[in-house]
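Notes follow the structure.
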Amino acid sequence: MSIWWSLHLRREAASVPLARRLFLGTMETAGVDPDVSFDLSVALSEACANAVEHGGGEGPGEAPGAYQVTAYLDGEKCRIEVADSGPGFPARRMVRRTTQVGGVTTSTATTTSTATTTSTASATSTASAGPVPVPAAVPAGVTVTVPVAPAPALTAESGRGLCLIEQLADHVHFRNRPGRGAVVSFDKILKWREGAQLRAM
């Protein structure tokens, strides 16, 4: 059974609960376990809130732009993508990928230099006391190890929503779109309610 849907939403606060309610309704209709649906709905809300707050480049007095939410239920996995048209993620956030393995979150950071070479690093999400600069140009074939930046403090006013997404989803990917805009994509293995009808389709 596969379900796909996409929303084009204005960057207004009211769009966040709207996206969450539509998502939860779809998951309930499909017969997905409520706990899994709740985790994904919270992650979706955080991604949408980030797009609403940071995802536009309009000037003073201009109308807010829009962002897009796309969700895929394919087999045993749900994948969600939230894309905006803002300035994008800073380098140390953009390249961070996280994976839940046995209840432990690991992070992989990949930074691309001005050439076509790549610097990579793998560490736990608390491995670094702060960001470490990467050389602007890395020679071909050279790998640079970069500790992953830590989660923001409990009193921080920004950044905590993206860390929450990392904790709730199985895989998370932050990237910038060519031209302009940020994309948050994440997925989670589904569990189903007993007797769910759509699972067998």
Side-chain angles (χ1 to χ4, degrees), residues 7 13 15-28 30 32-55 67-84 86 88-111 120-132 146-176 182-193:
L7 299 173
S15 68
V16 178
L18 172 62
R20 181 173 179 171
R21 285 196 299 269
L22 290 171
F23 174 77
L24 284 172
T26 301
M27 299 291 269
E28 181 179 6
V32 176
D33 178 81
D35 290 338
V36 174
S37 298
F38 177 79
D39 285 351
L40 283 170
S41 73
V42 173
L44 172 62
S45 296
E46 294 297 338
C48 290
N50 185 73
V52 168
E53 183 175 357
H54 304 291
Y67 66 100
Q68 185 168 342
V69 177
T70 307
Y72 311 85
L73 275 73
D74 188 10
E76 298 297 312
K77 180 184 293 186
C78 176
R79 182 174 182 272
I80 298 173
E81 182 175 288
V82 178
D84 63 48
F89 291 113
R92 71 187 180 98
R93 167 64 70 179
M94 176 185 67
V95 297
R96 185 167 169 177
R97 295 179 176 86
T98 66
T99 304
Q100 289 277 358
V101 179
V104 178
T105 301
T106 60
S107 298
T108 300
T110 302
T111 303
T120 60
S122 297
T124 62
S125 58
T126 58
S128 171
V132 178
V146 183
V148 176
L154 293 177
T155 55
E157 295 184 0
S158 63
R160 294 175 61 187
L162 298 181
C163 290
L164 181 58
I165 296 172
E166 293 173 344
Q167 296 300 316
L168 293 171
D170 293 336
H171 304 91
V172 183
H173 185 197
F174 305 105
R175 64 182 175 87
N176 287 338
V183 179
V184 178
S185 58
F186 52 95
D187 63 61
K188 192 175 184 72
I189 298 297
L190 298 176
K191 296 179 182 178
W192 300 87
R193 296 197 311 265

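Annotation for Phe89 and Arg175: closest pair CD1-O, 3.8 Å, computed over non-hydrogen atoms. Nearest heavy-atom pair, Pro17 versus Ala13, reported as atom, atom and distance to 0.1 Å: CD-O, 3.2 Å. Listed here is the closest heavy atom pair of Asn176 and Gly88: OD1-CA, 3.2 Å. Between Ile189 and Lys77, the closest heavy-atom pair is CD1-CE, 4.1 Å. For the pair Val52 and Ser15, the tightest heavy-atom approach, listed with the atom from each and the gap, is CG2-OG, 3.8 Å. Here the closest heavy-atom approach between residue Glu166 and residue Val172 is recorded as CA-CG2, 3.7 Å.
Side-chain atoms of Val32 and Cys78, non-hydrogen and from C-beta on, never get closer than 4.5 Å to each other. Side-chain atoms of Pro34 and Arg193, non-hydrogen and from C-beta on, do get closer than 4.5 Å to each other. Residues Arg79 and Asp74 form no side-chain contact, since every pair of their non-hydrogen atoms from C-beta on lies 4.5 Å or further apart.
Separation of atoms OG (Ser41) and CG (Leu22) is listed at 12.0 Å; rounding is to 0.5 Å. Taken from OG in Ser37 to NZ in Lys191, the straight-line distance is 11.5 Å, to the nearest 0.5 Å. Note that the CG atom of Leu162 and the NE2 atom of His54 stand 7.5 Å from one another [nearest 0.5 Å]. In this structure, the separation between CG on Leu44 and CD1 on Ile165 is 8.5 Å, given to the nearest 0.5 Å. Taken to the nearest 0.5 Å, the CG atom of Asp187 stands 11.5 Å off from the CD atom of Glu81. How far CD of Gln167 is from CD of Glu46: 12.5 Å, rounded to the nearest 0.5 Å.
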Exercise. Could you give me the CA-CA distance, side-chain angles and deciding distance for Leu40 and Phe186, then say whether side-chain contact (heavy atoms from CB on, under 4.5 Å) is met?
Key: CA-CA 9 Å; Leu40 283 170; Phe186 52 95; 4.0 Å; yes
Practice problem: Tell me, with the steps shown, if Val16 and Arg20 meet side-chain contact (heavy atoms from CB on, under 4.5 Å). | Solution: CA-CA 6 Å; Val16 178; Arg20 181 173 179 171; 5.8 Å; no
Exercise. Verify side-chain contact (heavy atoms from CB on, under 4.5 Å) between Tyr67 and Asn50, making sure each step is shown before the conclusion.
Key: CA-CA 10 Å; Tyr67 66 100; Asn50 185 73; over 6 Å; no
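In terms of modelled atom types and a separation under 3.5 Å, the side chain of Asp84 and the main chain of Ala182 share a donor-acceptor contact. Remark: the backbone N or O of Leu168 is paired with a side-chain donor or acceptor of Lys188 at under 3.5 angstrom.
Under the side chain to side chain donor-acceptor pair (under 3.5 Å) criterion, Asp39 pairs with no residue at all, not counting sequence neighbours.
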